[in-house]
Amino acid sequence: MNDKKIVEFIQKLSKETLANRIAWKSICYYQNTSFDADNSLSLLFQENEFHHIDFLSSYYAVIDFGIIIVLKEENESGRDGLLTSGYRIYLHDESTGTTSNLRCADSLSYQLVNSIQVYLANAESAAESFIDKYLASNDSSDNRQ
């Protein structure tokens, strides 16, 4: 695939994420999900002694065409014990049921992850504001219905 197309894709995803047009969520939702054996997502979320996923630092977004998945993975070579870790971006096409690894530079993966983290922090600010108001209220001991 053309590197320029991948850069354009990641930049558009990042821009739309920061503009709140793409809703990202923690991948923890998929941590205990059972998939059909034929589902390509089932292989993606399988862990073993050589492959680990940091579910708390991994994300997904559902768009019109399918699902974009950003996994923080750690892989260990069974032969020489070489350890690799970092973010990988996967694209799940709902129409075909296929899941593809989007091979791109680490800097592009981190650009998207940074945008996702800003999006999630902004989404979390409403809950934090609610908690701050509650903690600051004089009538916090009253049970309001």
Side-chain angles (χ1 to χ4, degrees), residues 3-77 81-145:
D3 288 344
K4 186 176 178 181
K5 186 182 290 189
I6 293 172
V7 169
E8 186 178 333
F9 177 72
I10 297 295
Q11 287 177 342
K12 183 176 180 181
L13 280 177
S14 296
K15 185 177 178 181
E16 288 188 348
T17 295
L18 293 173
N20 294 325
R21 289 192 284 263
I22 298 178
W24 290 91
K25 297 179 182 170
S26 170
I27 205 75
C28 289
Y29 171 80
Y30 285 107
Q31 188 169 7
N32 297 315
T33 302
S34 297
F35 294 98
D36 295 333
D38 295 338
N39 190 325
S40 63
L41 287 177
S42 65
L43 294 175
L44 192 61
F45 296 112
Q46 288 181 357
E47 290 187 284
N48 57 44
E49 64 271 20
F50 301 111
H51 177 247
H52 301 282
I53 299 171
D54 182 349
F55 284 92
L56 293 174
S57 300
S58 299
Y59 313 99
Y60 78 99
V62 178
I63 61 171
D64 291 339
F65 312 106
I67 305 169
I68 302 167
I69 301 162
V70 180
L71 291 183
K72 187 170 187 185
E73 296 178 298
E74 186 175 279
N75 293 294
E76 182 179 349
S77 169
L82 180 66
L83 187 66
T84 59
S85 66
Y87 284 98
R88 285 192 171 156
I89 301 171
Y90 297 93
L91 308 174
H92 179 74
D93 187 328
E94 286 289 329
S95 65
T96 63
T98 59
T99 303
S100 306
N101 180 8
L102 182 66
R103 298 186 189 276
C104 63
D106 287 345
S107 59
L108 289 173
S109 297
Y110 280 98
Q111 176 186 347
L112 180 58
V113 168
N114 288 339
S115 298
I116 293 168
Q117 289 173 342
V118 168
Y119 167 83
L120 292 173
N122 290 340
E124 209 174 72
S125 67
E128 186 174 3
S129 175
F130 180 91
I131 291 169
D132 289 344
K133 287 177 189 176
Y134 176 77
L135 292 174
S137 71
N138 292 333
D139 301 325
S140 64
S141 62
D142 294 342
N143 288 331
R144 297 182 185 198
Q145 304 267 344

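Note that the structure is a prediction, hence the values are computed from the model and not measured. Side-chain atoms are counted along with the backbone in the values below, which use heavy atoms only and exclude waters and symmetry mates.
Atom-to-atom distance recorded for I53:CD1 and I27:CD1 is 8.0 Å, nearest 0.5 angstrom. Rounded to the nearest 0.5 angstrom, Q111 CD and S107 OG are separated by 7.5 Å. Here the CG-OG1 distance, from L120 to T17, works out to 9.0 Å after rounding to the nearest 0.5 Å. The line from SG of C104 to NZ of K5 is 15.0 Å long, rounded to the nearest 0.5 Å. One distance of note links OG of S14 with CZ of F9; it measures 10.0 Å at 0.5 Å rounding. Distance NE2/H51 to CD/E74: 9.5 Å, rounded to 0.5 Å.
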What donor-acceptor contacts under 3.5 angstrom involve side-chain atoms of residues 55-71, with partners at least two apart or in another chain?
residue, atom, partner, partner atom, Å
S57, OG, D54, OD2, 3.1
S58, OG, D54, O, 2.7
S58, OG, K72, N, 2.9
Y59, OH, Q117, NE2, 3.4

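The main-chain N or O of A126 is never found under 3.5 Å from a side-chain atom of S129 such that the two would form a donor-acceptor pair.
Within a 6.0 Å radius of CD in E49, other residues, nucleotides and ligands contribute more than 12 heavy atoms.
Residues K12 and E16 meet the side-chain proximity criterion, which asks for heavy atoms closer than 4.5 Å. Between Y87 and D106, the closest side-chain pair of non-hydrogen atoms is not below 4.5 Å. A heavy-atom distance below 4.5 Å is found between the side chains of W24 and L112. In this structure, the side chains of I89 and L13 stay at 4.5 Å or more apart for every pair of heavy atoms.
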L102 vs L108, side-chain contact (heavy atoms from CB on, under 4.5 Å): CA-CA, chis, key distance, verdict: CA-CA 11 Å; L102 182 66; L108 289 173; over 6 Å; no

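The side-chain hydrogen bond (donor to acceptor under 3.5 Å, both in side chains) search around N75 returns none, not counting sequence neighbours. Listed by chain and number, the residues in a salt bridge (charged side-chain N to carboxylate O under 4.0 Å, His left out) with E76 amount to none (sequence neighbours excluded).
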